[in-house]
Amino acid sequence: MSTERIATVARDLIDAINATLDKHEVGYDEFQAAKAWLIEVGEAGEWPLYLDVFHEHIVENLAARNRRGSDSTIEGPYYLPDSPQLHTPAALPQRDDEPGDVLVFRGRIADCDGSGLPNAVLDMWQSDADGFYSGFDSDAPVPNLRAQITADAEGRFEVRTVVPAPYEIPKGGPTGKLLREAGWHAWRPAHLHFMVRADGYEPLTTQLYIEGDRWMDSDVASAVKPGLVLPLADAGAGEHGVDVAHKVAGYEFRLDPARVPAAA
Ligand code: MBD
Ligand code: FE
């Protein structure tokens, strides 16, 4: 970043904070409490959580302005690269006794005109049925409920997983404390995370939200878009090669062509 860019953005940020302190006549006690809270966010390792919950959606919306493909949304703090590489049809890695309803998620990865993209990759991660992510707030070992699934020659994929639960920002840390002390709820609607990749196309980072979730219209991370609501249908035992009654859902991801890098 150039000195000029840093000076411009940092100036406005500092001025906005100062205008807030002035407008609300913030006292020394409050200033010291704010300082202690900011230090706590760092010590608890919650800067990624805080930033992705409260600010990433603005940057994401700006980055998405010129996209024509399917809706993108924020990545959030819980992506891990290098999860297991599987081929469709696949099952996400899960515990022997993984709780929750079985979900068969199927669909296609296509270009903006709907032509399937051969060998595209669906990199997905999600919370379990108790609302916890492996590697972060769950006891489940990494890579529970995480995988990179290569689609077939027409871009089609089918993944067996479980229906995720709504996600509550951890109560024990400073981000949860801010939400509580401000009287705000701490919930995200239940969602699946995706990073979709294909050679020659812009990667698509997005999420799909389980239709009917009680937090759909008040996501604490402000990251729901109407095109990202995923209806679930009921399927019986024996369908899709699953021996229990389960849910099924479908989606088509559409990728934008890779942007030509600006000449150096
Ligand atoms: C999540 O699971 C998430 O997706 C985001 C954006 C923020 C906090 C937790
Ligand atoms: Fe999430």
Side-chain angles (χ1 to χ4, degrees), residues 1-3 5-21 24 26 30-65 67 71-83 123-127 131-138 142 146 164-196 202-209 215-225 228:
M1 284 173 280
S2 70
T3 303
R5 175 71 176 164
I6 293 170
T8 303
V9 177
R11 180 79 271 150
D12 273 4
L13 188 57
I14 291 165
D15 287 350
I17 294 169
N18 287 343
T20 304
L21 298 176
H24 299 288
V26 168
E30 294 169 323
F31 183 63
Q32 300 303 1
K35 204 187 282 182
W37 181 82
L38 288 161
I39 290 166
E40 217 181 306
V41 175
E43 286 175 351
E46 284 196 359
W47 279 117
L49 176 65
Y50 167 84
L51 288 164
D52 293 352
V53 166
F54 290 109
H55 303 289
E56 187 185 357
H57 69 100
I58 300 292
V59 178
E60 198 287 318
N61 278 323
L62 291 167
R65 276 178 304 185
R67 295 189 62 263
D71 282 342
S72 52
T73 190
I74 65 176
E75 176 177 326
Y78 299 143
Y79 175 67
L80 292 175
D82 308 316
S83 64
D123 192 346
M124 69 180 280
W125 70 105
Q126 64 172 94
S127 78
F132 299 118
Y133 284 85
S134 69
F136 292 91
D137 44 18
S138 163
V142 173
R146 300 170 177 276
Y167 185 82
E168 187 178 26
I169 304 303
K171 288 179 169 37
T175 307
K177 185 154 105 184
L178 170 63
L179 290 161
R180 189 167 57 249
E181 300 286 315
W184 302 331
H185 81 67
W187 292 91
R188 301 210 63 224
H191 56 278
L192 303 165
H193 287 269
F194 306 94
M195 222 177 266
V196 191
E202 281 300 308
L204 171 68
T205 299
T206 193
Q207 304 180 28
L208 293 173
Y209 299 93
W215 308 109
M216 193 69 81
D217 298 324
S218 64
D219 178 14
V220 67
S222 312
V224 175
K225 300 181 187 183
L228 297 177

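Keep in mind that what you see is a predicted model, and the values were worked out from it rather than measured.
Checked against ring pair (Phe, Tyr, Trp, His ring centres under 6.0 Å), W47 has the following partners two or more places apart in sequence or in another chain: Y50. In this structure D12 satisfies the side chain to side chain contact (heavy atoms under 4.5 Å, CB included) test with no other residue, sequence neighbours excluded. Residues satisfying the ring pair (Phe, Tyr, Trp, His ring centres under 6.0 Å) test with F136, not counting sequence neighbours, are Y78.
Of all heavy-atom pairs spanning S127 and A165, the tightest one is OG-O, 3.4 Å. Of all heavy-atom pairs between R146 and S134, the closest is NH2-O, 2.8 Å. Residues P164 and A190 share a closest heavy-atom pair of O-CB, 3.5 Å. The two residues R67 and L204 come nearest to each other via the heavy atoms NH2-CD1, 3.1 Å. In terms of heavy-atom proximity, G176 sits nearest to I169 at N-CG2, 4.2 Å. What you find for A186 and L179 is that their closest heavy atoms are CB-CD1, 3.7 Å.
Side-chain atoms of L208 and M124, non-hydrogen and from C-beta on, never get closer than 4.5 Å to each other. Contact check for K177 versus E46: no side-chain heavy atoms found under the 4.5 Å cut-off. At a threshold of 4.5 Å between non-hydrogen side-chain atoms, the residues H193 and Y79 do not count as touching.
In this structure, T73 contributes its side chain and Q207 its backbone to no donor-acceptor pair below 3.5 Å. Side chain of T206 to main chain of D71: a donor-acceptor pair is present (N/O by atom type, distance under 3.5 Å, no hydrogens or angles).
Here the CG-CD1 distance, from L51 to I74, works out to 11.0 Å after rounding to the nearest 0.5 Å. To the nearest 0.5 angstrom, R65 atom CZ is 11.5 Å from E60 atom CD. Rounding to the nearest 0.5 angstrom, the gap separating the CG atom in D123 from the OG1 atom in T205 is 9.0 Å. Here CH2 of W215 is found 8.0 Å from CD of E168. Values are rounded to the nearest 0.5 Å. Between L49 atom CG and T175 atom OG1 the span is 4.5 Å, to the nearest 0.5 Å. The line from CH2 of W187 to CG of D219 is 12.5 Å long, rounded to the nearest 0.5 Å.
Classified by interplanar angle (parallel below 30°, tilted 30° to 60°, perpendicular above 60°), the ring pair Y167/Y133 is perpendicular.
In the displayed structure, F31 atom CZ is contacted under 6.0 Å by at most 12 heavy atoms of other residues, nucleotides or ligands.
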